[in-house]
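A, B, ... follow the sequence lines: proteins, then strands. Residue 1 opens every chain. Keep in mind that this is a model prediction, so the values were computed, not measured.
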Amino acid sequence: MAYWLLKSEPDVFSFEMLKAKGQKGEEWSGVRNYQARNNMRAMKIGDKGFFYHSNEGKDIVGVVEVCKLIHQDSTTKDERWECVDVRAVIDMPKPVPLDVIKTVKALSKMVLVVNSRLSVQPVTADEWRIICDMGGLKLPPRLSE
DNA sequence: GCCAACGTTGGC
DNA sequence: GCCAACGTTGGC
């Protein structure tokens, strides 16, 4: 299984809003960047991702999982743009801020740090474990629910 | 609000 | 196919 990080501006679409969608989750629509889309193409059902609040908060606030594979983005007819669906899994007991992440040497190669503009990015298993730990998640969410 | 970094567009 | 111009993102 692979790990990811999804960014959203909380005043546009926050983790709270995703939680309100329940088990059905929501389309991760609106991505108009090939790299980000290609990352979504690589996602499998059950893959986990961090939910990051950009602009406001600038912290990882929760964990999501992929609940529907890549499909046409319903917000456009342009066939280049596709997306997956994700649902909220759990809150970070203690949100992990970007400025703290930047102080951790083992996280200095994170895409979030190196290329802050990519809205859907891969996370390594090591990065996943470290951030879950920092966020007070006792153990990383299980490989399958 | 500014601006650096990045991606996309389009003229040549 | 190059690259200048432009638009957007997102940290600060």
Side-chain angles (χ1 to χ4, degrees), chain A residues 1-138 140-141:
Chain A
M1 96 130 49
Y3 300 108
W4 310 94
L5 183 145
L6 309 184
K7 285 194 305 191
S8 183
E9 298 181 38
D11 53 347
V12 177
F13 190 76
S14 68
F15 191 58
E16 294 299 317
M17 293 181 210
L18 182 61
K19 283 197 283 186
K21 299 286 178 180
Q23 287 303 294
K24 192 163 168 291
E26 178 73 326
E27 262 195 356
W28 200 256
S29 58
V31 171
R32 301 291 182 265
N33 171 284
Y34 293 107
Q35 240 185 306
R37 182 211 58 192
N38 290 345
N39 286 333
M40 287 196 285
R41 282 184 174 176
M43 290 181 183
K44 301 208 167 62
I45 298 288
D47 275 5
K48 299 293 186 289
F50 289 131
F51 196 111
Y52 175 78
H53 280 165
S54 61
N55 281 321
E56 279 178 56
K58 298 192 208 54
D59 50 4
I60 292 170
V61 293
V63 171
V64 302
E65 72 178 351
V66 177
C67 59
K68 190 175 179 187
L69 291 176
I70 194 86
H71 58 82
Q72 175 67 35
D73 181 333
S74 71
T75 64
T76 177
K77 289 198 179 111
D78 190 330
E79 294 185 354
R80 292 176 299 169
W81 304 125
E82 305 169 305
C83 63
V84 298
D85 286 15
V86 296
R87 66 181 171 219
V89 174
I90 193 169
D91 284 294
M92 275 290 164
K94 195 168 157 263
V96 183
L98 178 63
D99 56 1
V100 173
I101 289 172
K102 284 184 166 175
T103 66
V104 179
K105 191 153 183 223
L107 299 178
S108 62
K109 297 223 177 83
M110 268 193 89
V111 181
L112 188 66
V113 175
V114 171
N115 178 8
S116 62
R117 295 195 39 187
L118 186 61
S119 62
V120 179
Q121 33 179 279
V123 170
T124 69
D126 279 346
E127 292 161 354
W128 184 267
R129 186 174 36 76
I130 292 168
I131 288 174
C132 284
D133 197 44
M134 290 166 70
L137 273 184
K138 288 285 184 288

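Judged purely by distance below 3.5 Å, without hydrogens or angles, the side chains of A/Trp4 and A/Asn39 never pair a donor atom with an acceptor atom. With no hydrogens or angles considered, a side-chain donor-acceptor pair links A/Thr75 and A/Asp73 at under 3.5 Å.
For the ring pair (Phe, Tyr, Trp, His ring centres under 6.0 Å) test, residues two or more places apart in sequence or in another chain that qualify with A/Phe51 are A/Phe15, A/Trp28, A/His53.
At a threshold of 4.0 Å, the pair A/Arg129-A/Asp126 counts as salt-bridged, since one of the basic side-chain nitrogens sits closer than that to a carboxylate oxygen.
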- Task: Give the B/S/- string for nucleotides 7-12 of chain C, one per nucleotide from 5' to 3', where a protein heavy atom under 4.0 Å of the base yields B, of only the sugar-phosphate yields S, and otherwise -.
- Result: BBBBBB
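In terms of heavy-atom proximity, A/Ala88 sits nearest to A/Lys19 at CB-CG, 3.5 Å.
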